[in-house]
Amino acid sequence: MRLSRYFLPILKEAPKEAEIVSHRLMLRAGMMRQQNAGIYSWLPLGLKVLKKIEAIVREEQDRSGAVEILMPSIQPADLWRESGRYDAYGKEMLRIVDRHEREMLYGPTAEEVVTDIFRAYVRSYRDLPLNLYNIQWKFRDEVRPRFGVMRGREFLMKDAYSFDVDQAGALRAYHKMFVAYLRTYKRLGLTAIPMRADTGPIGGKLSHEFIILASTGESAVFCDKDLLDLPVPGEDVDFDGDLAPIVDMFTSRYAATDEMHDEAAFSELPEERRVSARGIEVGHIFSFGTKYSEPMGAKVAMPDGSEQPVIMGSYGIGVSRLIGAIIEASHDDAGIIWPDSVTPFGAGIVSLRSDDAAVSAACEDAYAKLAAAGKDPLYDDTAARPGAKFASMDLIGLPWQIIVGPKGLADGVIELKRRATGEKELVSLESAIARVT
Ligand code: ATP
Ligand code: MG
Ligand code: MG
Ligand code: MG
């Protein structure tokens, strides 16, 4: 992409309402625009990152054996009456009436809809296990939308729903998601710690929240320091094999959010291993048995001919919230520092003299080669001052910058800058491209 043809509305100053760094940087970098409290338009740079996160989430869900569907954002109230949650959900639910006076709602989650799909088609234990997921916009009329995408009212969530014949199967489904989550966050450059969590209004017994430690996190969390360095399973992990040992490695160490915190158990840890911090909830998994299948009549025929309500779990990831979490975890005074896996462009090319033919030719050469190598470069071909170009490139946080000026070119070199460390090297254009690709 050439910057002269792109839409990157960078702001010199962050609007005052932005209280935390990720919100400030997202606004300044022209990633999104607030249209209403907690409701955003996604601008090109923000949308690119959102799509990359979504793609990683999808790959890991698919790898674990979950199957993608897409459920509607607007749901009928009647389904929620069947589960008993229509009244229970309260003011976070945005309720809508259509022209025929039918009650609808903008889905805050989708247990009811997915249970309805299941009961319409699945009849036999032979069709299980099954895990259906979707990546869809949700709406929750939060009391205090704030911190940008961290607590929006409209936000993108991946939500998966598992269906099993018995508790052992449900536990296997839970373990698969647990491991898929570990892999997902790791690929996003994050250390997410699974913590025992309250099951809240969804109900059930087994539940973990995946938490990123950050001073701006909304919840107080407590954990064993060892959890920060545990190995995350690789691509070759066998999702059909026994995942319990991996899950046990994480769950056998102390980790709890404030609602579940047990000070006595925590204080048994050696002092230097006690981490008491703030955290961002980037995912949440639940196993809740027959809470929805029972009242909604989602049953399967068992081998002995009897009919039984299916055992379910639900598994959420805050896809849009993750952008904020990644920035909270990876930035400096100059701006964002994207992990390679989600960077909106692979490298930036900065022309220091857009009116210099040799400089432009070198930039074009770099642009073509990086594009051919699949690096998706962003070429700042504008006539802006070098200082402003450097500030913008640092702000938007691409991992590499290739800076081309007439003086260097005369000596056969360009400047290659690594955003994360600030390290700069004078090298030939060829070796810069070799380094980046
Ligand atoms: P929170 O405690 O932050 O309100 P939650 O426990 O209500 O979140 P869940 O119902 O567990 O959220 O939804 C699954 C995931 O969706 C959460 O782990 C979080 O990452 C994300 N999420 C929930 N609410 C929001 C929101 N208002 N804005 C952005 N992401 C959200
Ligand atoms: Mg909530
Ligand atoms: Mg929560
Ligand atoms: Mg939650």
Side-chain angles (χ1 to χ4, degrees), residues 20 22-23 26 32 34 36-40 42 46 49-50 53-54 56-57 61 73 85 88-94 106-112 114 133-161 174 177-178 180-182 184-185 188 190 192-204 206-214 216-221 256-261 278-288 291-292 313-329:
I20 62 170
S22 57
H23 190 192
M26 285 184 76
M32 48 121 168
Q34 183 172 308
N36 200 317
I39 299 178
Y40 296 89
W42 290 85
V49 177
L50 188 68
I53 296 176
E54 196 183 320
I56 290 175
V57 169
Q61 291 294 293
S73 54
R85 278 209 296 183
Y89 211 92
K91 290 196 161 178
E92 262 188 31
M93 179 185 279
L94 180 66
Y106 195 130
T109 176
E111 281 81 5
E112 282 79 359
V114 82
Y133 77 97
N134 82 162
I135 301 177
Q136 173 63 294
W137 294 92
K138 303 290 188 291
F139 195 96
R140 293 183 185 176
D141 203 355
E142 301 277 356
V143 195
R144 255 191 98 194
R146 58 178 186 159
F147 299 165
V149 297
M150 292 277 209
R151 185 163 299 284
R153 289 198 295 165
E154 188 183 39
F155 59 97
L156 190 60
M157 194 203 286
K158 183 288 299 181
D159 39 326
Y161 304 89
Y174 191 86
M177 283 293 116
F178 194 107
Y181 276 39
L182 291 174
T184 302
Y185 300 120
L188 297 172
L190 295 168
I193 306 170
M195 300 199 179
R196 257 182 337 119
D198 196 3
T199 48
I202 292 194
L206 190 53
S207 174
H208 286 89
E209 286 176 358
F210 287 76
I211 301 280
I212 308 294
L213 301 185
T216 48
E218 289 187 288
S219 25
V221 298
T257 58
D258 49 1
E259 301 101 28
M260 296 293 280
H261 183 50
R278 304 207 58 86
I280 302 169
E281 181 190 329
V282 289
H284 197 165
I285 60 178
F286 297 90
S287 187
F288 48 71
K291 185 175 154 79
Y292 300 92
S314 74
Y315 314 87
I317 290 185
V319 177
S320 49
R321 176 179 286 182
L322 272 166
I323 302 189
I326 291 169
I327 298 174
E328 290 294 324

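The model shown is predicted, which means the values in this text are computed figures rather than measured ones. Read the numbers this way: they start at 1 and go in the same order the structure lists the ligands and their atoms.
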Counting from 1, what ligand 1 atoms have a heavy atom of Val282 closer than 4.0 Å? 18 (O), 20 (O)
Check each atom of ligand 1 against the heavy atoms of Glu142 and keep those under 4.0 Å away; list them by number with element. 24 (N), 26 (C), 27 (N)
Using a strict cut-off of less than 4.0 Å between a Lys/Arg side-chain nitrogen and an Asp/Glu carboxylate oxygen, indicate whether Arg146 and Glu218 qualify as a salt bridge. yes
Under a 4.0 Å N-O cut-off, is there an ion pair linking Glu111 with Lys291? no
Closest by any non-hydrogen atom to [atom]: pick that one out of [options].
{"atom": "atom 29 (C) of ligand 1", "options": "Lys158, Met150, Arg146", "value": "Met150"}
{"atom": "atom 23 (C) of ligand 1", "options": "Glu92, Arg144, Arg140", "value": "Arg140"}
{"atom": "atom 2 (O) of ligand 1", "options": "Glu218, Arg153, His284, Glu281", "value": "Glu281"}

Taking distance alone, with N or O pairs closer than 3.5 Å, would you say Phe155 contacts ligand 1? no
Heavy atom of Ser320, distance to ligand 1 below 4.0 Å: no
Strictly under 4.0 Å, does any heavy atom of Leu156 approach an atom of ligand 1? no
Close aromatic pair by centroid cut-off 6.0 Å: Phe155 and Tyr40: no
Once you restrict to heavy atoms under 4.0 Å, what part of [X] touches ligand 1? Side chain, backbone, both or neither.
{"X": "Val149", "answer": "backbone"}
{"X": "Arg151", "answer": "both"}
{"X": "Arg321", "answer": "side chain"}

In terms of ring plane angle, is the pair Phe178 and Phe210 parallel, tilted or perpendicular, where the classes change at 30° and 60°? perpendicular
Name the orientation class of the two ring planes belonging to Phe288 and Tyr292 (parallel below 30°, tilted from 30 to 60°, perpendicular beyond 60°). perpendicular
What I want to check is whether the side chains of Tyr315 and Gln61 have a donor and an acceptor closer together than 3.5 Å. no
Which residues and atoms, protein N, O or S only, are under 2.8 Å from the Mg ion (ligand 3)? Glu281 OE1
Where do [X] and [Y] come nearest, in terms of heavy atoms and distance?
{"X": "Ala197", "Y": "Met260", "answer": "C-CG, 3.5 Å"}
{"X": "Val221", "Y": "Arg278", "answer": "CG2-C, 4.0 Å"}
{"X": "Met150", "Y": "Ile280", "answer": "CE-CD1, 3.5 Å"}
{"X": "Glu92", "Y": "Glu142", "answer": "OE2-OE1, 3.7 Å"}

Interatomic distance, Ile135 atom CD1 to Asp159 atom CG [nearest 0.5 angstrom]: 9.0 Å
